[in-house]
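Following: one structure in structure tokens, then a few remarks.
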Amino acid sequence: MSFTIYVQMKKLGKQRAANLQPVPYTLAQKPDSVRELLTALTQLGVKQYNERKEEGKILSWLTKEEITEQASRGKITSGLRGGADASESQAVENTIQCFEDGIYRVFAGETELTALTDAIPWTEDIVFTFVRLTMLAGW
């Protein structure tokens, strides 16, 4: 049985809320806690990354800034083929550590989820929002 959730990601800065569209993610099961939510999303992300990596499509698109930067180096590419797979266990550990360190915050609708043990307040049409709080994080 699979379960679909909707997630939007924000970062501090000049991003317009109107441009943020929730993205559906299909999980193996409905998460009950923040830890389960973060673990399931990270495992899905690692799986998708490893599949794209083999096709040479690590990034599904490039921003204008990335194209300009890569053009100045003489080659524009959206990823590398092959290499080692991302480690699911290391990725989950990193995701949990970043949450605990306050690198990003998680909201379920308008409710901030502040602890890994927080229960997910399931409602119809709930959208999860991840807000990156530091410019040093990678997305």
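Index from 1, following the sequence.
Between Y49 and A86, the shortest heavy-atom contact is CD2-CB, 3.8 Å.
Atoms CZ and CG, from R35 and D118 in turn, are 11.5 Å apart once rounded to the nearest 0.5 Å. K47 contributes atom NZ, which lies 10.0 Å from atom CD of E88 (distance to the nearest 0.5 angstrom). Atom CG of L41 and atom OG1 of T95 lie 9.0 Å apart (nearest 0.5 Å).
Checking each of E112, Q8, K10 against F107 for a side-chain contact (heavy atoms from CB on, under 4.5 Å) leaves exactly one that passes, namely E112. Shown are V131, L133, L38; of these, the side-chain contact (heavy atoms from CB on, under 4.5 Å) with Y104 is made only by L38.
Using a distance-only test at 3.5 Å, with no hydrogens or angles considered, no donor-acceptor pair links the side chain of N94 to the main chain of Q90. No side-chain donor-acceptor contact under 3.5 Å links D85 to the backbone of N50.
If you chain together hydrophobic residues whose side chains sit under 4.5 Å apart, L27 and V127 never meet in one group. Each of F128 and Y6 belongs to its own hydrophobic cluster when Ile, Leu, Val, Met, Phe, Trp and Tyr are linked at side-chain heavy-atom distances under 4.5 angstrom.
Aromatic ring pairs are classed by plane angle as parallel below 30°, tilted from 30° to 60° and perpendicular above 60°; the pair W122 and F3 is perpendicular.
The side-chain heavy atoms of V106 and T129, taken from C-beta on, include no pair separated by under 4.5 Å. At least one side-chain heavy atom of L37 sits less than 4.5 Å from a side-chain heavy atom of I5. Proximity of L44 to V46: side-chain heavy atoms (C-beta onward) are nowhere separated by under 4.5 Å. Using a 4.5 Å heavy-atom threshold, the side chains of I120 and L113 count as touching. Residues T117 and S33 fail the side-chain proximity criterion, which asks for heavy atoms closer than 4.5 Å. A heavy-atom distance below 4.5 Å is found between the side chains of F130 and V7.
Around atom CD of E110, no more than 12 heavy atoms belonging to other residues, nucleotides or ligands sit under 6.0 Å away. For CD of E93, the number of neighbouring non-hydrogen atoms (other residues, nucleotides, ligands) closer than 6.0 Å is 12 at most.
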